[in-house]
Amino acid sequence: MKITQLLLLLWCLLSVSSLRSGGTIDLWQTALVLTDSTNQLTLRDVRTLPDTAFTIPGPTTRPLSNLHNTWVRFSLPIQATDTTFLYLNSRADTAIIWRGASLIGLTGANVSYSGRREVDESQGLCLPPSSKTHHLKLVRGSNSFKSHTVVDFELLLFNDRISYQEYLISLRKKRTPNDNTQRAFLLLVVVLLGMIGISFAILRDAAFGWYAVYVASIFLYYFLRRSHLFEDQVLFIRAGIKLAFEPVWIPVIVMTYSRFVRSYLGLTNSTNDSALWRLLRLIEHASLVIIALTFLLLFTSGLYWANTLGIVTRFCLMGLGVYAIILLLRRHDRFSRIISLGVGLLILGISLILFNDTLRYICHLDIEPGYLSFFQYAVLGELMIYWIGLLYRWYDFRIANNAKISELETLREQIRMQEEAASNAWLNISTARKKYRWARTRVQGFVAERELTRCLLTEGLEERIPLRLGELEA
């Protein structure tokens with residue numbers, strides 16, 4: 001224990017020299033971390049725990065639990081200045097800071113500290129000198145498949161405003177490529193939505209209409225999740241709304257997707273494909289139930305259990321997606337194969353996210369390309385496949401309709417020719433009292449007898465017609 005105290009004193013002395021020279025101190029290097037597996041620990045419980053109950057984080061990996069609260073214990077070095085800027089970048093949905101037993105900072109996804117003197121940056125906090133131990137509680141309430149997320153957790157201390165502002169500028173420059181890529185992703189979805197809307201207005205096809213609703217639901221989901229990209233241009237969205245929106249909106253996306261698939265494949269009732277139709281109807285009804293349960297959990301148990309339900313829902317959807325692919329491939333038609341390809345892309349994207357997270361957590365290896373996630377690449381691929389599939393479906397239906405119209409015209413021509421041939425093959429004579437009809441091959445001639453005309457037929461037969469011969473010729 002004495003050795004630990006001596007090392008801590010040595011670190012504080014080094015910190016003073018670096019602070020006086022305008023340097024930056026990474027408090028994470030001396031912080032202690034505790035994962036609360038019960039999510040029930042309070043500040044009083046944590047303060048009574050010895051340092052041995054905490055773990056020392058590694059110098060390179062900084063994993064944070066997505067399922068449990070994370071507590072960080074740290075102390076400020078002995079400072080010669082009156083103002084110190086503390087920067088926190090935790091990717092947590094809620095961060096709470098205490099000095100001793102006093103609350104000095106509280107954050108949502110957008111940090112708002114009670115002790116901040118002015119708004120420099122959402123993660124910035126001015127701290128007066130203090131020798132008391134600080135505790136930081138990090139809570140993640142957003143949807144995630146992952147048990148851990150490896151992020152560049154930063155808990156930095158700046159001695160002067162200039163170095164603090166310079167660091168914020170460098171952070172903005174680092175975020176610029178990622179932010180521009182996310183904006184480009186949203187722009188692509190908007191362009192695609194515009195083309196689909198125009199197509200639906202022209203063609204009035206229900207499949208285009210449901211696809212437009214599906215794409216609009218995806219855009220709204222990512223727009224709210226990435227609303228921080230537009231906080232200077234559009235209405236500011238509070239963190240609590242965004243966190244509650246995610247678990248509620250995912251079942252809505254699933255419902256619109258199911259309706260689009262039914263419309264695209266023409267599954268109006270169970271007679272077309274009873275197994276696939278029942279599966280899609282089950283998904284739609286289950287989505288309604290999940291939405292109701294999510295609202296109930298949000299109002300009764302909070303974000304944690306609502307998002308836990310969201311995680312379970314996503315894993316269930318992966319299993320149902322695999323079963324849907326099997327049913328689609330059994331239909332042996334082109335349109336079903338197109339839908340199965342889109343579903344397969346989404347499952348592949350989710351699987352790659354889980355695999356990449358495992359590599360990052362265990363092997364410190366990140367295979368995710370660019371600034372988009374694997375699932376965003378999968379979404380873009382799926383949307384383009386369905387857009388091309390809709391155009392192909394419309395073209396195929398147009399060819400089929402043209403073929404049917406051509407067949408109908410051919411049938412009408414055949415009927416006309418048959419009627420014409422029939423009229424030429426029979427001799428029809430009508431009088432006021434009677435109609436006479438004989439095959440022309442049976443008629444051998446006509447003989448005039450004053451007011452009558454005799455029609456000579458084969459086999460020695462004849463028929464008297466009460467018309468003059470001149471009237472017959474007319």
Side-chain angles (χ1 to χ4, degrees), residues 1 4-5 8 26-58 61-76 86-116 123 125 127 130-157 239-240 242-244 246-247 297-312 357 361:
M1 194 64 181
T4 304
Q5 293 176 349
L8 182 60
D26 186 0
L27 293 180
W28 181 264
Q29 300 295 334
T30 59
L32 299 175
V33 180
L34 172 66
T35 300
D36 180 11
S37 58
T38 63
N39 291 329
Q40 300 295 328
L41 292 179
T42 63
L43 175 64
R44 179 179 297 179
D45 300 329
V46 174
R47 290 187 66 195
T48 58
L49 294 176
D51 290 346
T52 54
F54 291 74
T55 59
I56 300 176
T61 60
R62 303 183 176 192
L64 300 178
S65 176
N66 278 334
L67 304 177
H68 307 291
N69 299 335
T70 301
W71 289 85
V72 181
R73 175 180 291 179
F74 65 93
S75 298
L76 298 179
L86 180 69
Y87 174 81
L88 169 65
N89 177 22
S90 64
R91 302 281 184 91
D93 299 321
T94 303
I96 308 173
I97 299 179
W98 291 273
R99 180 193 297 117
S102 303
L103 176 67
I104 62 172
L106 174 65
T107 80
N110 304 288
V111 182
S112 175
Y113 290 106
S114 59
R116 195 172 60 199
Q123 289 88 356
L125 175 66
L127 292 178
S130 175
S131 59
K132 295 182 179 180
T133 301
H134 292 68
H135 287 89
L136 172 65
K137 180 182 178 181
L138 302 174
V139 181
R140 291 186 62 89
S142 59
N143 286 341
S144 180
F145 287 101
K146 313 167 188 177
S147 60
H148 290 79
T149 298
V150 180
V151 298
D152 294 332
F153 182 97
E154 293 177 318
L155 191 61
L156 304 178
L157 201 62
K242 290 194 292 186
L243 295 177
E246 290 187 20
L297 290 173
L298 284 173
F299 287 110
T300 58
S301 303
L303 277 172
Y304 176 80
W305 289 108
N307 286 290
T308 301
L309 177 62
I311 295 173
V312 174
D357 182 65
Y361 184 64

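We use all heavy atoms of the structure for the numbers below, so side chains are in, but hydrogens, waters and symmetry mates are not. This structure is a prediction, so every number in the text was calculated from the model and none was measured.
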Query raised in the report: Knowing that exactly one of Leu43, Leu32, Leu136 qualifies, which makes a side chain to side chain contact (heavy atoms under 4.5 Å, CB included) with Trp71?
Result: Leu43
Requested in this report: Search all heavy atoms of Ala306 against all heavy atoms of Pro247 and return the closest pair with its distance.
Outcome: O-CB, 4.0 Å
Query - Side-chain heavy-atom pair Leu34, Arg73 within 4.5 angstrom cut-off - result: no
Report task. Nearest 0.5 Å please: distance from the CZ atom of Arg47 over to the OG1 atom of Thr42. Result -> 10.5 Å
Query raised in the report: Looking only at atom types and distance, does a side-chain atom of Thr133 sit under 3.5 Å from a main-chain N or O of Ser75, one as donor and one as acceptor?
Result: no
Query raised in the report: What is the minimum heavy-atom distance between His135 and Val46, and which atoms define it?
Result: CD2-CG1, 3.6 Å
Query raised in the report: Side chain of Asp36, backbone of Gln40: donor and acceptor closer than 3.5 Å?
Result: yes
